[in-house]
Each structure stands twice: as C-alpha cells, then as structure tokens.
A.B. asks: 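Quick one: structure below, then a few questions.
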2 protein chains.
Amino acid sequence: MPKGNCRGNGWWHGKLRGCGYRLTMGREAILDVLSKAEGHLSAEDIYMKVHPGYPHIGLTSIYRTLDVLSGLGMVYKLDFGDGRARYEFAEGPKGAHHHHHLVCTGCNKVVDYTDFIDEEVELLRETEKGLSKKYGFKIANHIIQFYGLCEACAKKK
Amino acid sequence: MPKGNCRGNGWWHGKLRGCGYRLTMGREAILDVLSKAEGHLSAEDIYMKVHPGYPHIGLTSIYRTLDVLSGLGMVYKLDFGDGRARYEFAEGPKGAHHHHHLVCTGCNKVVDYTDFIDEEVELLRETEKGLSKKYGFKIANHIIQFYGLCEACAKKK
DNA sequence: TTGTTAATGAAAATCATTTTCAATTTAAGG
DNA sequence: CCTTAAATTGAAAATGATTTTCATTAACAA
Ligand SMILES: [Mn+2]
Ligand SMILES: [Mn+2]
Ligand SMILES: [Zn+2]
Ligand SMILES: [Zn+2]
C-alpha cells in the first residue's frame, strides 16, 4: 500500500483532472456516495450521507459539485416532479446499464427499468441522427419517462 | 346568439364540469390563453397574458388552475431545466398532434418535433403495455426529451 | 332567490437553490 | 519541502418559484 491511504484510485480521478478540475476531498466524498448509492438522491440526501464522514462539507458544495459532475456527464440530474432535483450516477467505463424511468404520480415511487431498452435505444439512436441533421443539434443525452399510478396508488382510487 | 355572450362554448366546459369542477372566469381565461399560445409558458407568462383582460386574477390562481388542469390531463407540465415549470396545452379532441422535445442546454431553446413520432409512439405503446404488466403500473403518460446544443451554442464552443 | 361550498386574491410563508465573500486548499514550479 | 496563484470552499444571506393561510366572493343546485 504505497503512500498510505492515498486518494485518487477511482477512475474519475483522471476524468476530473483531465477537464481542468481539482480533485478535492469533497468531490471525492460525493462521488463515492453517488457511485455506491442505489436510488435517486437529492442534494440533501447526498449531504446527509456525506456528513458523518466529512462533517465540514456544506450543502453549498454538494450543489456546486453536482453541477460540475452533471456538466461532465458523470451524473444525471433528474426531475420526477416532487420539487427537488434528483441525481444518479452515470455508470462508469465498466458496467453500462442504461435505463429509463417509470414514475408513480401518486406516491412518487420511481422504478428503473431496462426491459425494452434495446429497442428503445436503437430507435432513439436513429431519431437522434435524424433530429441532429434536421435541427442542427448536437445531441448529448435523452430522457424517457413514463408516468402513471403504481398498483397501490391505483387501488386507493 | 342565445343568452348574450354566454361563456362555455369551449369543449373544455364539459370536461371541467364533468369532473366536478366549477367553471370560473379565471379558469376560462387561462384555458383560452393556453389553447391559443404556441410555445411553452411558465405560470408567470400565463399571468401576463391573462392580466390585461382580467386584471383581478392573481398568480396564485394561475398556479391553482394549472394544477387542476394538469391533474385532468388537459395540460402538460414540463421541466426543461431552467428552474421554472412550463405548461403546454394537451390538444383537444380535434387536432391531436402529439410531439416530443429537443432542448438546448446552452440557451434553453426548445424545439417541438413530430418527425419519427409515429415509430416512437408505436414502440412506446408496446413498452407501455409490457411495463404495465410487469410492474403493475397504470400508465397515463410519457415524456421523451433529447438534450444537446443547438447550432449557435455549439459554435460558441 | 337562497344556501352551501368551492374558488379566489393578497399577503405571508416555504424551501430548494444560488450568490457573496473572506478564508482555505490544491497543485504547479522551484 | 516551500512558495504562490488560482480554484474551491463554508457560512450566511439572498433569491425566486411555488404553496399556504384565511377572510371574502362567486358558482350553481335546489
Ligand atoms: Mn434511475
Ligand atoms: Mn411542446
Ligand atoms: Zn404510487
Ligand atoms: Zn442553444
């Protein structure tokens, strides 16, 4: 173990530095939480997960870091209609398991689904190409979300 | 012309009343603006369009009405990432021209597109059916948005 | 016309996110 | 390791969209 608990073994070290950003303790802590967390975290969720280990990192920095990371495409910023932004890690070079979302407008439950993704993605790729040409956009990204009621909420009438 | 300038010739009269809502001047004014407006209006945009004709209608009521209308599926509430919700009329029984969105993350320009819509919609319908069965959701709605840079913003580097 | 109750406006409250600014930290170079 | 310039940060204050409160008004069933 060279140089003790040296930071910077994560693959994102290079990504950040490569884009001219400094690698700080706060950014690492946030990336660490995001990369491990399952669901869709709000800025405050992340703050609360980071806080125990790094009590001096403020919510402001969480927001700032999330901006940087989503600017770099390392995290996705999502809106499920509950008044706060949600973030999810854009999986690294290893396991690329692209997915879309199914949102319950009753209880705000969100399901990640990967079924049908292949067909969807193929169509999207073509659509993207067509739109790029027709409207002159350089497309970087897309969102597909289905809205409805989960079983429980549908029952409640 | 029976009964003078009687309100309530719009097709939405029935829709609102049928769902137990009262038909008020404010609601009509808002529906009127939404049905005629092109783009994607924020609550305040709508307020400003309604104001000249109905100066007593407050922003609060705009928000309240928009909630009702989107609850009924008569308008869509959209998020293009600029910090305020945007609303667009969900076209009535007549011209159903479903569309999706292309959003510039540089200048927030939004393009409605209908190209490819048919293929997309068909795939979505199947996906919807599959998801409904697998996850027990009663799906009411979907969103597809592409994000990228418009020509102008891409040039600005 | 009348009574019930939903709907409304104005003002205050909320609350997620942003801005400000002085202090700290990073990382490049000696 | 030491120095230095610039990026980054935390704390507190500001912002701004949306919501809540509450007394008043308007819609509409009877
Ligand atoms: Mn997800
Ligand atoms: Mn549109
Ligand atoms: Zn639900
Ligand atoms: Zn643009």
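By convention in this document, chain letters (A, B, ...) are assigned in the order of the sequence lines, proteins followed by strands, and residues within each chain are numbered from 1.
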A.B. asks: Write down the distance between CG (B:Asp82) and C1' (C:dT17), rounded to a whole number of angstrom.
C.D. replies: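 These atoms are roughly 14 Å apart.
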
A.B. asks: Determine whether a donor-acceptor pair (N or O, by modelled atom type, separation under 3.5 Å) exists between the side chain of B:Arg17 and the backbone of B:Tyr21.
C.D. replies: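 Yes.
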
A.B. asks: Just checking, is any N or O donor in the side chain of B:Asp32 or B:Tyr54 under 3.5 Å from an acceptor N or O on the other one?
C.D. replies: no

A.B. asks: Going by ring pair (Phe, Tyr, Trp, His ring centres under 6.0 Å), A:His101 matches just one of A:Phe146, A:Tyr76, A:Phe80. Which one?
C.D. replies: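 Among A:Phe146, A:Tyr76, A:Phe80, the one meeting ring pair (Phe, Tyr, Trp, His ring centres under 6.0 Å) with A:His101 is A:Phe80.
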
A.B. asks: With a 4.5 Å cut-off on side-chain heavy atoms, are A:Trp12 and A:Leu69 touching?
C.D. replies: no

A.B. asks: If each of A:Asp67 and B:Gly20 is mapped to the nucleotide of DNA chain C with the nearest heavy atom, which maps nearer the 5' terminus, i.e. the 5' end?
C.D. replies: B:Gly20

A.B. asks: For the residue pair A:His56 and A:His51, confirm or rule out a side-chain donor-acceptor distance under 3.5 Å.
C.D. replies: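 Their side chains do not contain a donor-acceptor pair, so the 3.5 Å distance test is not met.
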
A.B. asks: Which one, D:dT18, D:dT9, C:dA11, comes nearest to the side chain of A:Thr65?
C.D. replies: D:dT9

A.B. asks: Walk me through it: do A:Asp45 and A:Lys49 pass the test salt bridge (charged side-chain N to carboxylate O under 4.0 Å, His left out)?
C.D. replies: CA-CA 6 Å; A:Asp45 290 340; A:Lys49 292 207 174 222; over 6 Å; no

A.B. asks: Grab the CD1-C1' distance between B:Ile57 and D:dA26 for me, whole Å please.
C.D. replies: 13 Å

A.B. asks: Measure all distances between protein nitrogen or oxygen atoms and nitrogen or oxygen atoms of nucleotides 28-30 of chain C, and list the pairs falling under 3.5 Å.
C.D. replies:
unit_1: C:dA28; atom_1: OP1; unit_2: A:Arg17; atom_2: NH2; d: 2.9

A.B. asks: For DNA chain D, whose closest nucleotide is more 5', that of B:Tyr21 or that of A:Ser61?
C.D. replies: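 With B:Tyr21 and A:Ser61 compared, the 5'-side residue is A:Ser61.
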
A.B. asks: Send over the distance from B:Leu41 CG to D:dA17 C1', rounded to a whole Å.
C.D. replies: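 To the nearest whole Å, that distance equals 16 Å.
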
A.B. asks: List the steps, then state whether salt bridge (charged side-chain N to carboxylate O under 4.0 Å, His left out) holds for B:Arg84 with B:Asp79.
C.D. replies: CA-CA 7 Å; B:Arg84 70 196 57 199; B:Asp79 168 53; over 6 Å; no

A.B. asks: Fit a plane to each ring of B:His97 and B:His99, take the angle between them on a 0 to 90° scale, and name the class: parallel (under 30°), tilted (30 to 60°) or perpendicular (over 60°).
C.D. replies: perpendicular

A.B. asks: Counting only heavy atoms not in A:Glu122, do more than 12 sit closer than 6.0 Å to its CD atom?
C.D. replies: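 At most 12 heavy atoms, drawn from other residues, nucleotides or ligands, come within 6.0 Å of this atom.
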
A.B. asks: For the pair made of CG in B:Leu66 and C1' in C:dA7, what is the distance, rounded to whole Å?
C.D. replies: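 B:Leu66 atom CG is separated from C:dA7 atom C1' by 15 Å.
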
A.B. asks: Determine: side-chain N/O of B:Thr24 to OP1/OP2 of C:dA6, distance under 4.0 Å, yes or no.
C.D. replies: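 Checking B:Thr24 against C:dA6: no side-chain N or O falls below 4.0 Å of OP1 or OP2.
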
A.B. asks: Could you please name the option among C:dT8, D:dA26, D:dT18 that lies closest to any side-chain atom of B:Arg27?
C.D. replies: C:dT8

A.B. asks: Among C:dA10, C:dA6, D:dA12, find the nucleotide with the atom closest to the side chain of B:Thr60.
C.D. replies: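 The nucleotide sitting nearest to the side chain is C:dA10.
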
A.B. asks: In this structure, how many angstroms lie between the P atom of D:dT9 and the OH atom of A:Tyr54, rounded?
C.D. replies: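 Rounding to the nearest Å, OH of A:Tyr54 and P of D:dT9 are 14 Å apart.
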
A.B. asks: Write down the distance between CG (B:Leu23) and C1' (C:dT8), rounded to a whole number of angstrom.
C.D. replies: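 It is 15 Å, rounded to the nearest whole Å.
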
A.B. asks: Heavy-atom distance under 4.5 Å between the side chains of B:Glu120 and B:Tyr113, does that happen here?
C.D. replies: yes

A.B. asks: Can you measure A:Arg22 atom CZ to C:dT26 atom C1' for me and round it to whole angstrom units?
C.D. replies: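 My rounded result for the distance is 4 Å.
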
A.B. asks: Of the listed nucleotides (C:dA10, C:dA27, D:dT18), which one gets closest to any side-chain atom of B:Arg64?
C.D. replies: C:dA10

A.B. asks: Pick out the pairs of N or O atoms, protein on one side and nucleotides 13-16 of chain C on the other, that lie under 3.5 Å.
C.D. replies:
unit_1: C:dA16; atom_1: OP1; unit_2: A:Arg84; atom_2: NH2; d: 2.8

A.B. asks: Rounded to the nearest Å, what distance is computed from the CG atom of residue B:Leu59 to the P atom of nucleotide D:dT19?
C.D. replies: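 That distance rounds to 11 Å.
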
